[in-house]
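Not measured: the values here are computed from a predicted model. Every heavy atom of this structure was used, including side-chain atoms; hydrogens, water molecules and symmetry mates were not. Within every chain, numbering begins at 1; the chains are lettered A, B, ... in the order of the sequence lines, protein sequences first and strands thereafter.
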There are 2 protein chains.
Amino acid sequence: MLDTLDRRILDLYQRDTRTPAEQIGAQVGLSAAAVQRRLKRLRETGVIVAETAQLDCRQLGLTFTAIVHVDLIDESAPQTLAFQRRMKERPEVQQVYGVAGAVDYVLVVVATGLPAYEAFCEACLLHDPNVRSFTTHVVLDAARRAGPLAIPAG
Amino acid sequence: MLDTLDRRILDLYQRDTRTPAEQIGAQVGLSAAAVQRRLKRLRETGVIVAETAQLDCRQLGLTFTAIVHVDLIDESAPQTLAFQRRMKERPEVQQVYGVAGAVDYVLVVVATGLPAYEAFCEACLLHDPNVRSFTTHVVLDAARRAGPLAIPAG
DNA sequence: AATGAAATTTATGCCGG
DNA sequence: CCGGCATAAATTTCATT
(Lines give C-alpha, C1' and ligand atoms only; values in the text may rest on other atoms or scores of the structure.)
Protein backbone atom coordinates (compact mmCIF):
# COMPACT_ATOMS: atom_id res chain seq x y z
CA MET A 1 0.00 0.00 0.00
CA LEU A 2 2.82 2.42 0.85
CA ASP A 3 6.10 2.23 -1.01
CA THR A 4 9.43 3.71 0.00
CA LEU A 5 8.80 6.86 -2.03
CA ASP A 6 5.51 7.50 -0.24
CA ARG A 7 7.22 7.15 3.10
CA ARG A 8 9.99 9.53 2.20
CA ILE A 9 7.48 12.07 0.92
CA LEU A 10 5.41 11.79 4.11
CA ASP A 11 8.50 12.14 6.25
CA LEU A 12 9.26 15.50 4.65
CA TYR A 13 5.70 16.69 4.15
CA GLN A 14 4.36 16.04 7.66
CA ARG A 15 6.94 18.39 9.21
CA ASP A 16 5.90 21.35 7.06
CA THR A 17 2.93 21.09 4.75
CA ARG A 18 3.94 24.36 3.10
CA THR A 19 6.98 22.75 1.55
CA PRO A 20 6.44 22.98 -2.22
CA ALA A 21 6.00 19.68 -4.02
CA GLU A 22 8.88 20.56 -6.29
CA GLN A 23 11.25 20.80 -3.33
CA ILE A 24 10.07 17.46 -1.97
CA GLY A 25 10.44 15.98 -5.44
CA ALA A 26 14.03 17.19 -5.65
CA GLN A 27 14.84 15.35 -2.44
CA VAL A 28 13.19 12.07 -3.36
CA GLY A 29 13.94 12.11 -7.09
CA LEU A 30 10.45 12.72 -8.46
CA SER A 31 8.72 15.48 -10.43
CA ALA A 32 6.46 17.94 -8.64
CA ALA A 33 3.42 16.47 -10.37
CA ALA A 34 4.30 12.96 -9.23
CA VAL A 35 4.64 14.17 -5.64
CA GLN A 36 1.28 15.94 -5.86
CA ARG A 37 -0.39 12.86 -7.24
CA ARG A 38 0.98 10.74 -4.41
CA LEU A 39 -0.05 13.29 -1.79
CA LYS A 40 -3.55 13.34 -3.25
CA ARG A 41 -3.76 9.57 -3.03
CA LEU A 42 -2.39 9.61 0.51
CA ARG A 43 -5.16 12.03 1.46
CA GLU A 44 -7.84 9.95 -0.22
CA THR A 45 -6.74 6.72 1.40
CA GLY A 46 -6.64 8.38 4.81
CA VAL A 47 -2.91 8.01 5.43
CA ILE A 48 -2.89 11.79 5.76
CA VAL A 49 -5.64 12.29 8.33
CA ALA A 50 -5.55 16.08 8.51
CA GLU A 51 -3.40 19.09 7.74
CA THR A 52 -3.43 21.40 10.69
CA ALA A 53 -1.65 24.36 12.23
CA GLN A 54 -0.02 24.13 15.62
CA LEU A 55 -0.57 27.29 17.59
CA ASP A 56 1.31 28.85 20.49
CA CYS A 57 -0.90 28.26 23.52
CA ARG A 58 0.65 31.10 25.52
CA GLN A 59 0.02 33.73 22.88
CA LEU A 60 -3.57 32.55 22.71
CA GLY A 61 -3.95 32.92 26.45
CA LEU A 62 -4.10 29.17 27.03
CA THR A 63 -1.64 29.08 29.92
CA PHE A 64 -2.80 25.94 31.67
CA THR A 65 -2.17 22.38 30.52
CA ALA A 66 -2.75 19.20 32.49
CA ILE A 67 -2.49 15.46 32.02
CA VAL A 68 -5.57 13.96 33.63
CA HIS A 69 -5.98 10.31 34.58
CA VAL A 70 -9.53 9.10 34.86
CA ASP A 71 -10.75 5.90 36.49
CA LEU A 72 -14.23 4.84 35.44
CA ILE A 73 -16.64 2.66 37.41
CA ASP A 74 -18.48 0.97 34.55
CA GLU A 75 -15.92 0.02 31.92
CA SER A 76 -18.38 -1.56 29.48
CA ALA A 77 -18.18 -0.48 25.86
CA PRO A 78 -21.34 1.67 25.83
CA GLN A 79 -20.28 3.53 28.97
CA THR A 80 -16.68 4.11 27.91
CA LEU A 81 -17.77 5.22 24.45
CA ALA A 82 -20.24 7.65 26.00
CA PHE A 83 -17.46 9.06 28.19
CA GLN A 84 -15.18 9.37 25.19
CA ARG A 85 -17.84 11.19 23.22
CA ARG A 86 -18.46 13.67 26.02
CA MET A 87 -14.74 14.36 26.30
CA LYS A 88 -14.36 14.91 22.58
CA GLU A 89 -17.14 17.47 22.67
CA ARG A 90 -15.26 19.61 25.20
CA PRO A 91 -13.00 22.22 23.62
CA GLU A 92 -10.59 22.02 26.58
CA VAL A 93 -9.85 18.35 25.85
CA GLN A 94 -7.08 18.22 23.32
CA GLN A 95 -6.31 14.51 23.39
CA VAL A 96 -8.09 11.40 24.65
CA TYR A 97 -6.37 8.06 25.18
CA GLY A 98 -8.08 4.91 26.38
CA VAL A 99 -5.43 2.89 28.22
CA ALA A 100 -5.02 -0.56 29.72
CA GLY A 101 -4.39 -1.07 33.41
CA ALA A 102 -5.57 0.67 36.56
CA VAL A 103 -6.30 3.96 34.84
CA ASP A 104 -8.95 3.91 32.12
CA TYR A 105 -8.42 7.23 30.33
CA VAL A 106 -5.63 9.74 29.94
CA LEU A 107 -6.62 13.23 28.82
CA VAL A 108 -4.55 16.22 27.76
CA VAL A 109 -6.53 19.29 28.80
CA VAL A 110 -5.72 22.88 27.84
CA ALA A 111 -7.42 25.89 29.44
CA THR A 112 -7.04 29.62 29.93
CA GLY A 113 -6.02 29.12 33.56
CA LEU A 114 -6.63 27.18 36.72
CA PRO A 115 -10.16 28.57 37.23
CA ALA A 116 -11.15 27.45 33.74
CA TYR A 117 -9.67 24.03 34.41
CA GLU A 118 -11.59 23.76 37.66
CA ALA A 119 -14.75 24.68 35.79
CA PHE A 120 -14.02 21.87 33.34
CA CYS A 121 -13.55 19.37 36.18
CA GLU A 122 -16.76 20.55 37.79
CA ALA A 123 -18.70 20.24 34.56
CA CYS A 124 -17.22 17.02 33.21
CA LEU A 125 -15.60 14.86 35.85
CA LEU A 126 -16.75 15.74 39.36
CA HIS A 127 -20.45 15.22 38.67
CA ASP A 128 -20.13 12.26 36.32
CA PRO A 129 -21.55 9.25 38.21
CA ASN A 130 -19.34 6.93 36.15
CA VAL A 131 -16.10 8.69 37.13
CA ARG A 132 -14.72 6.92 40.20
CA SER A 133 -11.71 9.20 40.53
CA PHE A 134 -9.31 11.37 38.55
CA THR A 135 -5.79 12.68 39.06
CA THR A 136 -4.45 15.95 37.69
CA HIS A 137 -0.81 16.29 36.63
CA VAL A 138 -0.15 19.96 36.02
CA VAL A 139 2.15 20.47 33.04
CA LEU A 140 5.07 22.77 33.75
CA ASP A 141 6.72 22.42 30.40
CA ALA A 142 5.39 20.96 27.17
CA ALA A 143 8.73 20.27 25.55
CA ARG A 144 7.41 18.62 22.46
CA ARG A 145 3.77 18.67 21.53
CA ALA A 146 2.45 16.51 18.72
CA GLY A 147 5.72 16.28 16.88
CA PRO A 148 6.31 14.41 13.62
CA LEU A 149 6.07 10.64 13.50
CA ALA A 150 9.01 8.43 12.67
CA ILE A 151 8.08 6.71 9.44
CA PRO A 152 9.18 3.07 9.61
CA ALA A 153 10.77 1.49 6.57
CA GLY A 154 7.79 -0.83 6.02
CA MET B 1 -1.65 41.59 19.89
CA LEU B 2 -4.44 39.33 18.62
CA ASP B 3 -7.77 40.82 17.70
CA THR B 4 -11.08 39.04 17.25
CA LEU B 5 -10.55 38.67 13.52
CA ASP B 6 -7.20 36.94 14.05
CA ARG B 7 -8.79 34.53 16.45
CA ARG B 8 -11.62 33.68 14.09
CA ILE B 9 -9.17 33.14 11.26
CA LEU B 10 -7.00 30.88 13.41
CA ASP B 11 -10.02 28.93 14.55
CA LEU B 12 -10.86 28.06 10.96
CA TYR B 13 -7.34 27.77 9.62
CA GLN B 14 -5.87 25.47 12.28
CA ARG B 15 -8.43 22.74 11.50
CA ASP B 16 -7.49 22.58 7.82
CA THR B 17 -4.58 24.59 6.51
CA ARG B 18 -5.66 23.81 2.95
CA THR B 19 -8.76 25.96 3.28
CA PRO B 20 -8.30 28.77 0.72
CA ALA B 21 -7.89 32.25 2.17
CA GLU B 22 -10.85 33.42 0.12
CA GLN B 23 -13.14 30.89 1.83
CA ILE B 24 -11.89 31.95 5.27
CA GLY B 25 -12.38 35.58 4.27
CA ALA B 26 -15.98 34.90 3.28
CA GLN B 27 -16.67 33.50 6.75
CA VAL B 28 -15.05 36.32 8.70
CA GLY B 29 -15.93 39.19 6.33
CA LEU B 30 -12.49 39.95 4.92
CA SER B 31 -10.83 39.83 1.52
CA ALA B 32 -8.50 36.96 0.64
CA ALA B 33 -5.54 39.34 0.65
CA ALA B 34 -6.34 40.56 4.15
CA VAL B 35 -6.57 36.99 5.42
CA GLN B 36 -3.20 36.16 3.84
CA ARG B 37 -1.64 39.22 5.37
CA ARG B 38 -2.85 38.24 8.79
CA LEU B 39 -1.74 34.62 8.39
CA LYS B 40 1.70 35.81 7.35
CA ARG B 41 1.96 38.02 10.42
CA LEU B 42 0.71 35.18 12.64
CA ARG B 43 3.48 32.98 11.26
CA GLU B 44 6.13 35.64 11.75
CA THR B 45 5.12 36.37 15.33
CA GLY B 46 5.11 32.67 16.16
CA VAL B 47 1.42 32.36 16.94
CA ILE B 48 1.35 29.73 14.21
CA VAL B 49 4.18 27.47 15.36
CA ALA B 50 4.06 24.93 12.55
CA GLU B 51 1.84 23.60 9.78
CA THR B 52 1.92 19.85 9.86
CA ALA B 53 0.15 16.75 8.59
CA GLN B 54 -1.39 14.24 10.95
CA LEU B 55 -0.83 10.72 9.73
CA ASP B 56 -2.64 7.46 10.38
CA CYS B 57 -0.33 5.49 12.67
CA ARG B 58 -1.88 2.14 11.76
CA GLN B 59 -1.39 2.54 8.03
CA LEU B 60 2.23 3.46 8.72
CA GLY B 61 2.72 0.31 10.75
CA LEU B 62 2.95 2.21 14.05
CA THR B 63 0.58 -0.03 15.97
CA PHE B 64 1.85 0.59 19.46
CA THR B 65 1.25 3.72 21.54
CA ALA B 66 1.93 4.18 25.22
CA ILE B 67 1.69 6.90 27.85
CA VAL B 68 4.85 6.61 29.96
CA HIS B 69 5.34 8.18 33.36
CA VAL B 70 8.92 8.77 34.39
CA ASP B 71 10.22 9.50 37.87
CA LEU B 72 13.69 11.03 37.95
CA ILE B 73 16.18 10.87 40.81
CA ASP B 74 17.95 14.18 40.28
CA GLU B 75 15.33 16.80 39.44
CA SER B 76 17.75 19.70 39.09
CA ALA B 77 17.46 21.86 35.99
CA PRO B 78 20.59 20.58 34.20
CA GLN B 79 19.58 16.96 34.74
CA THR B 80 15.95 17.38 33.72
CA LEU B 81 16.94 19.40 30.67
CA ALA B 82 19.40 16.68 29.68
CA PHE B 83 16.67 14.07 30.04
CA GLN B 84 14.30 16.20 27.96
CA ARG B 85 16.88 16.62 25.25
CA ARG B 86 17.53 12.88 25.05
CA MET B 87 13.82 12.19 24.79
CA LYS B 88 13.32 14.75 22.05
CA GLU B 89 16.06 13.10 20.02
CA ARG B 90 14.23 9.77 19.98
CA PRO B 91 11.88 9.35 17.05
CA GLU B 92 9.56 7.13 19.12
CA VAL B 93 8.84 9.98 21.53
CA GLN B 94 6.01 12.00 20.15
CA GLN B 95 5.30 14.26 23.09
CA VAL B 96 7.16 15.24 26.25
CA TYR B 97 5.50 16.92 29.22
CA GLY B 98 7.28 17.97 32.38
CA VAL B 99 4.70 17.77 35.16
CA ALA B 100 4.38 18.75 38.81
CA GLY B 101 3.86 16.18 41.54
CA ALA B 102 5.09 12.64 42.11
CA VAL B 103 5.73 11.94 38.44
CA ASP B 104 8.30 14.14 36.72
CA TYR B 105 7.69 13.46 33.03
CA VAL B 106 4.87 12.15 30.92
CA LEU B 107 5.78 10.84 27.46
CA VAL B 108 3.64 9.77 24.54
CA VAL B 109 5.59 7.07 22.75
CA VAL B 110 4.70 5.54 19.37
CA ALA B 111 6.40 2.43 17.99
CA THR B 112 5.97 -0.31 15.41
CA GLY B 113 5.07 -2.82 18.09
CA LEU B 114 5.78 -4.07 21.56
CA PRO B 115 9.31 -5.28 20.68
CA ALA B 116 10.24 -1.86 19.34
CA TYR B 117 8.83 -0.26 22.46
CA GLU B 118 10.83 -2.60 24.66
CA ALA B 119 13.93 -1.68 22.69
CA PHE B 120 13.19 1.99 23.36
CA CYS B 121 12.83 1.33 27.09
CA GLU B 122 16.06 -0.64 27.10
CA ALA B 123 17.92 2.13 25.26
CA CYS B 124 16.44 5.16 26.98
CA LEU B 125 14.91 4.44 30.35
CA LEU B 126 16.17 1.16 31.81
CA HIS B 127 19.84 2.08 31.66
CA ASP B 128 19.49 5.76 32.53
CA PRO B 129 21.01 6.19 36.01
CA ASN B 130 18.79 9.22 36.60
CA VAL B 131 15.54 7.32 35.94
CA ARG B 132 14.26 6.02 39.26
CA SER B 133 11.24 4.29 37.78
CA PHE B 134 8.76 4.45 34.92
CA THR B 135 5.24 3.20 34.32
CA THR B 136 3.81 2.19 30.96
CA HIS B 137 0.15 2.77 30.13
CA VAL B 138 -0.60 0.92 26.91
CA VAL B 139 -2.96 2.90 24.72
CA LEU B 140 -5.91 0.86 23.44
CA ASP B 141 -7.64 3.69 21.66
CA ALA B 142 -6.38 7.13 20.74
CA ALA B 143 -9.74 8.80 20.36
CA ARG B 144 -8.50 12.26 19.69
CA ARG B 145 -4.89 13.02 19.00
CA ALA B 146 -3.64 16.60 18.85
CA GLY B 147 -6.96 18.12 17.92
CA PRO B 148 -7.64 21.81 17.35
CA LEU B 149 -7.37 24.26 20.20
CA ALA B 150 -10.31 26.23 21.48
CA ILE B 151 -9.44 29.85 20.77
CA PRO B 152 -10.47 31.96 23.77
CA ALA B 153 -12.16 35.29 23.15
CA GLY B 154 -9.15 37.20 24.50
C1' DA C 1 2.98 5.16 -13.32
C1' DA C 2 6.07 9.13 -14.36
C1' DT C 3 7.12 13.25 -17.16
C1' DG C 4 6.50 17.84 -19.22
C1' DA C 5 3.54 21.51 -20.53
C1' DA C 6 -0.74 23.85 -20.33
C1' DA C 7 -4.63 25.50 -17.57
C1' DT C 8 -6.54 26.65 -13.19
C1' DT C 9 -6.31 27.94 -8.65
C1' DT C 10 -4.07 30.05 -4.90
C1' DA C 11 -0.83 33.18 -2.79
C1' DT C 12 2.03 37.46 -2.76
C1' DG C 13 3.24 42.39 -3.67
C1' DC C 14 2.03 46.89 -4.65
C1' DC C 15 -0.86 50.92 -4.71
C1' DG C 16 -4.73 53.95 -3.66
C1' DG C 17 -8.12 54.96 -0.12
C1' DC D 1 -5.36 48.36 7.92
C1' DC D 2 -8.45 47.39 4.14
C1' DG D 3 -9.74 46.17 -0.91
C1' DG D 4 -8.49 45.51 -5.70
C1' DC D 5 -5.51 44.50 -9.19
C1' DA D 6 -1.14 42.62 -11.21
C1' DT D 7 2.31 39.30 -10.67
C1' DA D 8 4.26 35.08 -9.19
C1' DA D 9 3.97 30.56 -7.55
C1' DA D 10 1.86 26.24 -6.78
C1' DT D 11 -1.49 22.77 -7.88
C1' DT D 12 -4.21 20.17 -11.09
C1' DT D 13 -5.21 18.32 -15.49
C1' DC D 14 -3.97 16.27 -19.75
C1' DA D 15 -1.32 14.28 -23.47
C1' DT D 16 2.67 11.42 -24.16
C1' DT D 17 6.12 7.82 -23.34
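In this structure, B/R41 places its CZ atom 18 Å from C1' of C/dG13, rounding to the nearest Å. The CD-P distance, from B/E22 to D/dG4, rounds to 11 Å in whole Å. Rounded to an integer number of Å, the gap from CD1 of B/I48 to P of C/dA11 is 12 Å. The CD-P distance, from A/Q36 to C/dT10, rounds to 13 Å in whole Å. Between the CZ atom of A/R37 and the C1' atom of D/dT12 there is a distance of 11 Å, given to the nearest Å. The distance from atom CG of B/L30 to atom C1' of D/dC2 is 8 Å, rounded to the nearest whole Å. Across the protein-nucleic acid pair, B/I24 atom CD1 and C/dT9 atom P stand 18 Å apart, rounded to whole Å. The nearest whole Å value for the distance from the CG atom in A/L39 to the P atom in D/dT12 is 9 Å.
Checking D/dA10, C/dG13, C/dT3 against the side-chain heavy atoms of A/S31 singles out C/dT3 as nearest. Picking from C/dT3, D/dA10, D/dC2 the nucleotide with the shortest atom distance to the side chain of B/A34 gives D/dC2.
Nucleic acid contact class of A/A21 (heavy atoms, under 4.0 Å, all strands): sugar-phosphate only. If you check every strand for non-hydrogen atoms under 4.0 Å, B/R18 touches sugar and phosphate atoms only.
For the atom pair OH of A/Y13 and CD1 of A/I48, the computed distance is 5.5 Å after rounding to the nearest 0.5 Å.
Considering A/R43, A/R41, A/R37, A/K40 as possible partners of A/D6, the one that fulfils the salt bridge (charged side-chain N to carboxylate O under 4.0 Å, His left out) test is A/R41.
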Requested in this report: Could you walk me through whether A/D104 and A/R132 pass salt bridge (Lys or Arg N to Asp or Glu O under 4.0 Å), step by step?
Outcome: CA-CA 10 Å; A/D104 296 315; A/R132 192 197 314 274; over 6 Å; no

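Ring pair B/H69/A/H137 is perpendicular by interplanar angle, where above 60° counts as perpendicular and below 30° as parallel.
Note on B/K40: a side-chain N or O is less than 4.0 Å away from OP1 or OP2 of C/dG13. A sub-4.0 Å separation between OP1 or OP2 of C/dA1 and a side-chain N or O of A/R38 is absent.
Note: the hydrophobic cluster containing A/L2 also contains B/V110 (ILVMFWY, side chain heavy atoms under 4.5 Å, direct or indirect links).
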